[in-house]
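Accompanying notes for the structure given below.
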Amino acid sequence: MDAGDWMVHQVTIDDIETIDRQVDDYLESKHFIGSPFFAILVTAGYLWLVLRFLPRFMTSRKPYAPSTFIALYNLSQIIYNAYLCYLIFGCYITNSQIFGCYITNSHRSLAVTLQTHRSLAVTLQTHRSLAITLQTHISLAVTLQTHRSLAVTLQTHRSLAVTLQTHRSLAVTLQTHRSLAITLQTHISLAVTLQTHRSLAVTLQTHRSLAVTLQTHRSLAVTLQTHRSLAVTLYNFS
């Protein structure tokens, strides 16, 4: 079986399944076919009439003689059956429709149906190809959208990387500034220490001058003491 025959076979099966579903829906819509409840109810009612109600009803009555009704019923059945035979044979002759059913030339109908099924199969194949193409386009669109989202995410990551690099540079600069501040603080401390040393040197120089002056005063006192001794000596000689 080639692809075309398989598609015709598939379309025919689909049509048969569709008809079966329609028949099932039609039958389910009928009360006596769609559910067993009505059939059971009618059977129970019939048995009740035949076995219970009608025997009691006819206990004190004479039997009926419906000969006129039976004759009219039989006449109506004859006329109705004759009309049905006329319709059935007329459908075979005129190739027309009866009660929703077509009785046609089988070979011609099968050829037309087969040609229709082949056209439907080609159309179905085209629709399937278009559906596959549309599905592919939708997948490509989703992939493109995903790529765009990834590109935006990558750009965001790059911006974050640049920001992180900037923060690292700022951190290095801050560390350098802190080191410079510590160095400056050390220099200020050294300057204060130097100033203290200078003050101490000046004080030491002053102390040295005072020591020289004190030494001079001591020399003068010794000289004065000597002069006093000489004066006393001269006074004693005189």
Side-chain angles (χ1 to χ4, degrees), residues 1-11 13-15 17-18 21 25 117-238:
M1 183 183 292
D2 58 2
D5 294 336
W6 180 83
M7 292 176 65
V8 171
H9 178 69
Q10 185 67 29
V11 172
I13 292 176
D14 294 339
D15 292 340
E17 290 178 353
T18 302
R21 286 195 297 270
D25 295 338
H117 287 174
R118 286 179 178 174
S119 300
L120 290 175
V122 173
T123 304
L124 180 62
Q125 185 65 24
T126 304
H127 288 175
R128 286 178 179 173
S129 300
L130 291 175
I132 292 172
T133 304
L134 181 61
Q135 186 67 26
T136 304
H137 288 174
I138 291 173
S139 300
L140 290 175
V142 172
T143 304
L144 181 60
Q145 186 66 26
T146 304
H147 288 174
R148 287 179 177 174
S149 300
L150 290 176
V152 172
T153 304
L154 181 60
Q155 186 66 27
T156 304
H157 288 174
R158 287 179 178 175
S159 300
L160 291 175
V162 172
T163 304
L164 180 61
Q165 187 66 28
T166 304
H167 288 174
R168 286 179 178 174
S169 300
L170 291 174
V172 172
T173 304
L174 181 62
Q175 187 67 27
T176 304
H177 288 174
R178 286 179 179 175
S179 300
L180 291 175
I182 292 171
T183 304
L184 181 61
Q185 186 68 28
T186 304
H187 290 174
I188 291 173
S189 300
L190 290 175
V192 172
T193 304
L194 181 61
Q195 185 67 27
T196 304
H197 289 174
R198 286 179 179 176
S199 299
L200 290 175
V202 171
T203 303
L204 182 60
Q205 186 68 28
T206 304
H207 289 175
R208 287 178 180 177
S209 298
L210 290 175
V212 171
T213 304
L214 181 60
Q215 187 67 28
T216 304
H217 288 174
R218 285 178 180 176
S219 299
L220 291 175
V222 171
T223 304
L224 182 59
Q225 186 65 31
T226 304
H227 288 173
R228 283 180 180 177
S229 299
L230 290 175
V232 171
T233 303
L234 289 177
Y235 177 77
N236 290 326
F237 283 124
S238 60

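Throughout, numbering of the chain's residues begins at 1 and tracks the sequence. What you see below is based on every heavy atom in this structure, not just the backbone, and it leaves out hydrogens, waters and symmetry mates. On a predicted model such as this, the values are computed, not experimentally measured, just so you know.
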Q. Who passes side-chain contact (heavy atoms from CB on, under 4.5 Å) against Gln135, sequence neighbours left out?
A. Ser139

Q: Rounded to the nearest 0.5 Å, what's the gap from NE2 on His127 to CG on Leu120? Could you check?
A: 10.0 Å

Q | Set of residues satisfying side-chain contact (heavy atoms from CB on, under 4.5 Å) with respect to Val152, sequence neighbours excluded | A | Thr156

Q: Output the distance between atom OG1 (Thr183) and atom CD1 (Ile188), rounded to the nearest 0.5 Å.
A: 11.0 Å

Q) For Thr136, what residues pass the side-chain contact (heavy atoms from CB on, under 4.5 Å) criterion, not counting sequence neighbours? A) Ile132, Leu140

Q. If you measure from CD on Gln215 to OG on Ser219, what distance do you get to the nearest 0.5 Å?
A. 5.0 Å

